[in-house]
Structure formats: C-alpha cells, structure tokens
Amino acid sequence: GENVEQHPSTLSVQEGDSAVIKCTYSDSASNYFPWYKQELGKRPQLIIDIRSNVGEKKDQRIAVTLNKTAKHFSLHITETQPEDSAVYFCAASDQKTSYDKVIFGPGTSLSVIP
Amino acid sequence: EAQVTQNPRYLITVTGKKLTVTCSQNMNHEYMSWYRQDPGLGLRQIYYSMNVEVTDKGDVPEGYKVSRKEKRNFPLILESPSPNQTSLYFCASSLLGASREQYFGPGTRLTVT
C-alpha cells in the first residue's frame, strides 16, 4: 500500500525566512496531495492541495510543488510569521474504483522564532 | 454553521468496556472517515465510508467497528478497548471523497486504563 514519508520532523526558522517541508510517496497511482496545518490543540485544516496533472500551485505565501517522476512533493512557506508555527501534515490519496483511501505523513513541527 | 461534531470530547475508560464515539456532519458530505493521531505517527486512517451502508478499512482498523446508517452520522465503536487504543481521535468528512478537502471534527481524547 501507499507509504508517505515526511522530512524534517522538526523545523525552526527565524521570522521572515522561508520554510520547506518535503514528502515522498510510494504509490505511483496516487493523484491528490493535500497539506494540512494543525495548530496546538486544534483540528487539522487544509491549507493547500495539488493534483497529479499540475506541477506547482501557489496561494499567497504558500506554494506546493509536485514531481511525479521522483514521487515527491514539497510545501514552501515564504516570509514566515509566528502564526505559521504549527504541525504540518502532507498526505497522498489514491482513488481506486469508487473507494478513497488517504495516507498522511508523520508531520513536521514548524517553529517560527520572532 | 457547517461543521463536524464529535462526542464525547474527552473520555477515560477501563479495558474491555465497550464505548462509542459519535460523529455527525451537517454539510451533506458523502465521504466520512476516522483517524487516530499518535505522537510521531501522524494521522492514521481507521475506517472510511463513501456513502450510506458503504464502509471500508483504512490502515489501522483492528479493534474498531463503524457503521453508516445515515448520511450525516458515522460512529466509531470500540467493542473491547485496550490501552493501546489510547489516542486522539478525529472524524472527518468531505464532499465526494479523499481527493477533496476533508473537514475535521474537534477531536476526542480517549484514555484506556
């Protein structure tokens, strides 16, 4: 089955710097790659996603890139702010017939130092 | 307000005592799913459901049961809880499947002693 690895497990950056989190997946049939942000004590919330027919997607300070050949995708956060501090999860989803299964990475704890 | 609700939010129980965690969504979503979150392991899918009476196993289904008798409800049942099921549980729903944004409930913190 699908396996998603995520690196680094912890990341600390100075406010204003960029942060990059990388994920790799194993199943070449995976076609949807979301990123979720979970603030301390809160529920995960989608921040950006990308589908297999697109190489890059941006939303203000957040961008995601996908390399299907290498089976990896990355989250890029520019001009980081203290409110970006959270745990970030990548995931991969494979739609098989009419059933969907989603596999999450183990998470990256991002700390933005003011 | 569009939302996913879970009850209870916190539960401490003893080994072997059957329990049910309820999940309800008011967004008319087809897809619902249960996850458990453990430190260093991220979110692991327990069961998911594509529609009423349609459920399937996720990655860690052992020790859990689910049912989907109504579109809005997706309860998680632990018939005989064990300490290794101590975890933070999240219910989630999405419009058409896992290839869409999932909306998570607030979580249920379960402790089995």
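On a predicted model such as this, the values are computed, not experimentally measured, just so you know. The chains referred to below are lettered A, B, ... by the order of the sequence lines, with proteins before strands, and numbering in each begins at 1.
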Does Glu15(A), at its CD atom, have more than 12 non-hydrogen atoms belonging to other residues, nucleotides or ligands within less than 6.0 Å? yes
*For Gln60(A), does the CD atom have more than 12 heavy-atom neighbours from other residues, nucleotides or ligands under 6.0 Å away?*
no
Okay, Pro44(A) and chain B: the region with an atom under 4.5 Å from a heavy atom over there is both
In terms of heavy-atom contacts, Gly40(B) and Pro106(A) come closest through O-CB, 3.5 Å
Rounding to 0.5 Å, atoms CD (Glu101(B)) and OH (Tyr32(A)) come to a distance of 7.0 Å
Single-linkage hydrophobic cluster, 4.5 Å side-chain cutoff, Val4(B) and Leu76(B) together:
no
Query - Basic-acidic side-chain contact under 4.0 Å: Lys101(A), Asp59(B) - result: yes
Among Gly58(B), Gly105(B), Ser49(B), Gly107(B), the residue with the most heavy-atom pairs under 4.5 Å to chain A is Gly105(B)
Notebook entry, point to check: Can you hop from Val54(A) to Ile48(A) via hydrophobic side chains spaced under 4.5 Å?
Noted result: yes
Under 4.5 Å to a heavy atom of chain A? For Phe90(B) that would be side chain
Here the pair of heavy atoms bringing Leu43(B) nearest to Phe104(A) is O-CB, 3.3 Å
The interface call for Tyr36(A) against chain B, heavy-atom contacts under 4.5 Å, is side chain
Applying a strict 4.5 Å limit to non-hydrogen atoms, the region of Gln38(A) in contact with chain B is side chain
*Are Leu11(A) and Val112(A) in one and the same hydrophobic cluster, where Ile, Leu, Val, Met, Phe, Trp and Tyr link if side-chain heavy atoms are under 4.5 Å apart?*
yes
* Asked: Side-chain heavy atoms under 4.5 angstrom apart, residues restricted to Ile, Leu, Val, Met, Phe, Trp, Tyr: same cluster for Ile46(B) and Tyr35(B)?
  -> no
Honestly curious: do Leu75(A) and Ile50(A) fall in one hydrophobic cluster under the side-chain, below-4.5 Å linking rule? yes
The reported gap from CD in Gln102(B) to CG in Leu46(A) (rounded to nearest 0.5 angstrom) is 9.5 Å
